[in-house]
Structures are given as structure tokens and as C-alpha cells.
2 protein chains.
Amino acid sequence: MTQLNKRLTAGRKRAVSPKQASARRAPIDQLLDPALFKALCDPTRVSLLACLLKCGRACTVSEVAECCSVDFSVVSRHLAMLEQAGALESAKTGRTVSYKVRRADLTKTLRTLADAVEGCCMNPNDEPRDSGTCSSC
Amino acid sequence: MTQLNKRLTAGRKRAVSPKQASARRAPIDQLLDPALFKALCDPTRVSLLACLLKCGRACTVSEVAECCSVDFSVVSRHLAMLEQAGALESAKTGRTVSYKVRRADLTKTLRTLADAVEGCCMNPNDEPRDSGTCSSC
DNA sequence: TGTTCAATTGCGTCATTATGCAAGTGTAAG
DNA sequence: CTTACACTTGCATAATGACGCAATTGAACA
């Protein structure tokens, strides 16, 4: 360790335990909410999302159902679940329902999460932080 | 639609079907791999990841196990799964194993995915793209 | 060599979830 | 009003996954 680093870390409590760290509330706790990941962890749902992304427009349930081999009702449920998770939005016209990707929101969510992961309790010298003075969290 | 937009979209095949779109290979197909999401969709695993993030250093399995109420063996399995998914890395010294977050890689993965979601088959006028000329995919 | 400790792995159980079929809901058209 | 269509929902089944306990591995130490 360099003299500079020694000076920077002087006076800190060292080696905060994971137990202490997890008791601390941080933005990452909200952003790592499993709800979106739960929606994206199923291969069928992911393929439906990719289909809608690549199609680049709003599509009806019937159209999307042609993209994969599962039952129509399963597609309907998956799309509803993706909407619930905030990845899609729907619009009903007559008896048809169209889904499209909430592109901007999804992008923002991912970027915000990336920022939080990058910055959470980050220490340029890779040293443990105090339990109370973590400025980035 | 403005005259300019009419000119820009002239000669395009319109309204590509989701079936056609999903047949097209795009970067988003690789980036939306469910493996990472599968690792992040469980509340216990997410809390372990958040714990390691907030702790800001490498932690042993025993230390992390103190953060949550599940069995030690469960924590061991969860950490191994997070490592397999690319979110953590481990280092063995003697009989203890330390895990820490692969912060840079995780951040990059999320940002790359965000970029792909944002740009995939994006059309400023929200019109469908050709099936063969999607420059951003 | 035998003991202790950290961690992993095997296995049974319980809960969750994905799926398909069938029935139901709501809207448009004849 | 009746029919046809797009979609949703109820329900049973099968697959997946989380969990705890116990046994095992592997390393340090007396």
C-alpha cells in the first residue's frame, strides 16, 4: 500500500462485515428488485421480448404467438407478465390487444442499475468502507 | 406523417411480422440470454449480491451466510450460481473461499444490454423496419 | 495420524411455475 | 340475435427450483 493510500484510509473502521453492510440501506436494494429479473428469467418470455424488440412495432397477441411453439394462452399470460414487470405496455382496440416494448423505460432501468452496481460503496483502492460513511450509497 | 418521413420510408416493405422479425438474428438475442436473469430472479440470491456490493470487499461464504436466514449450504449454492452466471468471482485460500462482485463486467453487461434494447431495430418514427435492412440490429 | 474447520454435494421435501386444454369474456360482424 | 373472432382465465399436470439436513471433501493444525 502506498503512503497516500495509508493516509486516505487512516482513521476508518476497517473490514466492515457483510452482516453490517447488508443492514445498511442503499439504492441498490431498490434497484436490484427481483421483479423484472423474474420476468426475464424464462426463455420463452425472453424470446417474446426479443421478438417484439426486433419487430420494432406494436404487435397483437396473435402475431406474437406465431413466433414460438407454445400455446396461445401461454403467450397471452407471458405478455401480461412482462407488462406487469414494466417491460411492455398494451393497448386495446376493439377485440385485439397490442403489446410493445417500453424501450425507454427498460433502457433507463438497466442503466440506472448499472450505475448503482458500479458506484455502490465503490472504493478506488478496493478497501472496505465504514459502516456509516459510504457516500456513494 | 411528414413529407420527409414519407420519402425516407418509401420503397420499404412495411409491417414486418413478428415471425419474420424473430427469425432474424440480432445482437439482442445473445445479450438477452436468460442465464444472468435466472441468477438474479431469486430474492435470496439478490440479497446476497447486494450484501457483497454494499460490503465492498471479498467475503467468505461463512461471512455472507450471516447476512440471511437460510442454511449455510444454501448460501454456498447461491454464491456458486452467481459465479456461474458471471456476477461473482471466487478465490480459494486454504480452506476458505472468498467471493466478490465482478463489478466492471456486471456493469458492462448491463450497459451493453441497455444499448441493445435502446437501439435494436429502432426507428425514430416508430415505423416497422424491413426484414432485411435493419441497420441497428 | 487424527481432529477440527470451511465449504461442497447428495438427497428428499415442499413450493413455485410453465404448459396445454377447455371454458368464459367481450367485441365486431352478419 | 346469432355467429365468429381475439383474448383471458380456470384447472390439472409436469417440470423446475429453493431449502434443510446429513454426509463428504479438502485443508490446516496438534
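All chains are named by letter (A, B, ...) in the order of the sequence lines, taking the proteins before the strands, and each is independently numbered beginning at 1. All values derive from a computational prediction rather than experimental measurement.
Note that the SG atom of A:Cys120 and the CG atom of A:Leu113 stand 11.0 Å from one another [nearest 0.5 Å]. One finds the CG atom of B:Leu49 at 6.5 Å from the CG atom of B:Leu106 (value rounded to the nearest 0.5 Å). A:Cys51 SG to A:Glu66 CD: the interatomic distance, rounded to the nearest 0.5 Å, is 9.5 Å. To the nearest 0.5 Å, the span separating OG on A:Ser98 from CG on A:Leu79 amounts to 10.5 Å. Interatomic distance, CG of B:Asp115 versus CZ of A:Arg111, reported as 5.0 Å (0.5 Å rounding).
Partners of A:Ser76 by side chain to side chain contact (heavy atoms under 4.5 Å, CB included), not counting sequence neighbours, listed by chain and number: A:Val61. Annotation: side chain to side chain contact (heavy atoms under 4.5 Å, CB included) contacts of A:Thr109 (sequence neighbours excluded): A:Leu36. Checked against side chain to side chain contact (heavy atoms under 4.5 Å, CB included), B:Cys59 has the following partners two or more places apart in sequence or in another chain: A:Pro18, B:Leu52, B:Cys55, B:Arg57, B:Glu63, B:Val64. Residues passing the side chain to side chain contact (heavy atoms under 4.5 Å, CB included) test with A:Asp105, sequence neighbours excluded: A:Arg102. The salt bridge (charged side-chain N to carboxylate O under 4.0 Å, His left out) check on B:Asp71 picks up nothing, with sequence neighbours excluded.
Of all heavy-atom pairs spanning A:Ala116 and A:Leu31, the tightest one is CB-CD1, 3.3 Å. Counting all heavy atoms, side chain and backbone alike, A:Leu40 lies closest to A:Val46 at O-CG2, 2.9 Å. Between A:Cys121 and B:Leu53, the closest heavy-atom pair is CB-O, 3.7 Å.
Residues of residues 91-98 of chain A having a heavy atom closer than 4.0 Å to DNA chain D, listed by number: A:Arg95, A:Thr96, A:Val97. Contacts of residues 62-69 of chain B with DNA chain C (heavy atom under 4.0 Å): B:Ser62. Contact check of residues 70-82 of chain B against DNA chain D (heavy atom, cut-off under 4.0 Å) returns B:Val70, B:Asp71, B:Ser73, B:Val74, B:Arg77, B:His78. Residues from residues 33-50 of chain B lying near DNA chain D, meaning a heavy-atom separation below 4.0 Å, are B:Lys38, B:Asp42, B:Thr44, B:Arg45 in numerical order.
Residue pairs satisfying the salt bridge (Lys or Arg N to Asp or Glu O under 4.0 Å) criterion with at least one member in residues 29-52 of chain A, sequence neighbours excluded, are listed as follows: A:Asp29-B:Lys54. Counting only residues at least two apart or in different chains, side chain to side chain donor-acceptor pair (under 3.5 Å) contacts with residues 80-92 of chain B comprise B:Glu83-B:Ser90.
When DNA chain C is scanned in the 5' to 3' direction for atoms under 4.0 Å from non-hydrogen atoms of chain A, the outermost contacting nucleotides are C:dT17 to C:dA28.
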